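To start, the structure itself, in structure tokens.
The analysis underlying the following values was restricted to heavy atoms, covering all of them including side chains, and did not include hydrogens, waters or symmetry mates. Atoms within each ligand, like the ligands themselves, are counted from 1 in listed order. This one's a predicted model, so the numbers in the text were calculated from it and none came from an experiment.
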Amino acid sequence: MPLQLISGDITKMSVDVIVNAANQRLRAGGGVCGAIFNAAGRNQMQEACDAIGFCDTGQAVITPAFNLHAKAVIHTVGPIYSNGKNPDEELLSSCYLKSLELALANGYKSIAFPLISAGIYGYPKEEAIQIAVKSILSFLRSHELTVYLVLFNPRDLEPAQRWMEHYDQLTSSGIE
Ligand code: AR6
């Protein structure tokens, strides 16, 4: 199964790439970003991010994973939620697509995402889940990669499963 929904702490994942929900200045923040920096080794991760310097919203950059059980970390910057105004959805979808493209371009075969923008950046959970699942599944229609969506809160598994079935059905009936 190319998209796997799991609940847990992304810093414990053994995968080729762990994705970070970053900020534009690539500074160690709170939330999943703080956890990833701490587990990777805060100083060395900050040094690698400082060498890159900046990442625009909806884009993605790559660093080593240092002490994590991964080969690389891809840092992507989600939109700060602005009441559903455009281009929130496009930018959030772009985070997933750019990260997936960057992982493949570097020859990686497995990648784990947190729910980008769904914490400090305020995206409503259900919409964040829908956009994550839709974006990943659309990419996987034409690319080979094992993708994990790691949901910190186990209650998010049910809506994620529901959206996955929804988009699978649309694909098999040829609607999308
Ligand atoms: N593993 C998996 N998911 C996690 C973990 C974890 N260890 N910890 C939190 N989450 P957030 P954002 C979930 O706020 O909204 C940072 O300061 C969390 O429950 O981490 O994109 C950055 O530097 C939520 O569902 O990211 C930026 O400044 C999801 O990860 C800003 O916050 C994302 O929540 C980015 O905010």
Side-chain angles (χ1 to χ4, degrees), residues 3-63 65-70 72-85 87-100 110-136 147-164:
L3 171 57
Q4 308 206 26
L5 305 172
I6 58 171
S7 174
D9 178 353
I10 201 167
T11 65
K12 306 281 187 263
M13 293 289 294
S14 295
V15 279
D16 287 346
V17 178
I18 289 175
V19 178
N20 179 27
N23 52 71
Q24 288 186 336
R25 291 173 54 244
L26 302 172
R27 304 296 302 173
V32 72
C33 183
I36 287 173
F37 269 69
N38 286 339
R42 210 175 174 85
N43 292 342
Q44 49 194 359
M45 182 57 89
Q46 192 59 69
E47 240 173 66
C49 284
D50 287 347
I52 298 169
F54 183 83
C55 179
D56 219 342
T57 305
Q59 300 296 315
V61 296
I62 190 164
T63 66
F66 302 107
N67 301 333
L68 288 160
H69 305 290
V73 171
I74 288 179
H75 307 257
T76 188
V77 182
I80 298 172
Y81 187 68
S82 58
N83 256 331
K85 293 204 182 77
D88 281 355
E89 177 169 347
E90 260 169 66
L91 286 172
L92 186 51
S93 182
S94 170
C95 288
Y96 290 96
L97 300 178
K98 296 278 179 183
S99 300
L100 290 161
S110 60
I111 182 167
F113 283 95
L115 214 43
I116 312 287
S117 285
I120 293 163
Y121 280 180
Y123 224 97
K125 197 60 93 52
E126 179 85 24
E127 287 171 50
I129 292 172
Q130 178 186 358
I131 294 164
V133 169
K134 184 179 181 181
S135 307
I136 294 166
V147 183
Y148 298 88
L149 185 59
V150 183
L151 302 157
F152 205 39
N153 187 335
R155 273 179 306 201
D156 296 337
L157 279 172
E158 186 279 321
Q161 189 64 43
R162 182 161 34 77
W163 283 113
M164 195 158 97

For [atom], the protein heavy atom that lies nearest, with its residue and separation:
atom: atom 1 (N) of ligand 1; value: Ile10 N, 2.9 Å
atom: atom 7 (N) of ligand 1; value: Asp9 OD1, 2.8 Å
atom: atom 23 (O) of ligand 1; value: Asn23 ND2, 2.7 Å
atom: atom 14 (O) of ligand 1; value: Ile120 N, 2.7 Å

Give yes if a backbone or side-chain nitrogen or oxygen of [X] is under 3.5 Å from a nitrogen or oxygen of ligand 1, and no if not.
X: Gly30; answer: yes
X: Ile116; answer: no
X: Val32; answer: yes

So between [options], whose heavy atom ends up nearest [atom]?
atom: atom 36 (O) of ligand 1; options: Phe152, Tyr121, Tyr123, Phe37; value: Tyr121
atom: atom 24 (C) of ligand 1; options: Gly122, Ser7, Gly119, Ala22; value: Gly119
atom: atom 22 (C) of ligand 1; options: Ser117, Cys95, Ala21, Ala39; value: Ala21

Distance in Å, Arg25 CZ paired with Cys55 SG, rounded so as to fall on 0.5 Å steps: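 So the gap between those two atoms works out to 13.5 Å.
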When rounded to the nearest 0.5 angstrom, what is the spacing between CD1 in Ile18 and NE2 in His75? 10.5 Å
In terms of atom number and element, which parts of ligand 1 are under 4.0 angstrom from non-hydrogen atoms of [X]?
X: Cys33; value: 16 (C), 22 (C), 23 (O)
X: Gly8; value: 1 (N), 2 (C)
X: Gly31; value: 20 (O)
X: Gly29; value: 17 (O), 23 (O)

What closest approach, in Å, do [X] and [Y] show between heavy atoms, and which atom pair accounts for it?
X: Ala39; Y: Asn67; answer: O-CB, 3.3 Å
X: Tyr96; Y: Ser135; answer: CB-CB, 3.9 Å
X: Asp50; Y: Arg27; answer: OD1-NH1, 3.1 Å
X: Gly8; Y: Phe152; answer: O-CD1, 3.3 Å
X: Thr11; Y: Leu68; answer: O-CD2, 3.7 Å

Results of side-chain contact (heavy atoms from CB on, under 4.5 Å) for Ala28 - residues two or more places apart only: Phe37, Arg42, Gln46
Got a sec, which residues hit side-chain contact (heavy atoms from CB on, under 4.5 Å) with Gln24, two or more places apart in sequence or on another chain?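 Applying side-chain contact (heavy atoms from CB on, under 4.5 Å) to Gln24 gives Phe54, Asp56, Thr57, Val77.
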Contact between ligand 1 and Leu115 is defined here as a heavy atom of the residue under 4.0 Å from a ligand atom; is it met?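 Yes; Leu115 lies near enough to ligand 1 that a heavy-atom distance drops under 4.0 Å.
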Is it true that Ala28 lies under 4.0 Å from ligand 1, counting heavy atoms only?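 Contact check Ala28 vs ligand 1: negative.
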For the side chain of Ser94 and the backbone of Glu90, is there at least one donor-acceptor N/O pair under 3.5 Å apart?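 Between the backbone of Glu90 and the side chain of Ser94 there is no qualifying donor-acceptor contact (under 3.5 Å).
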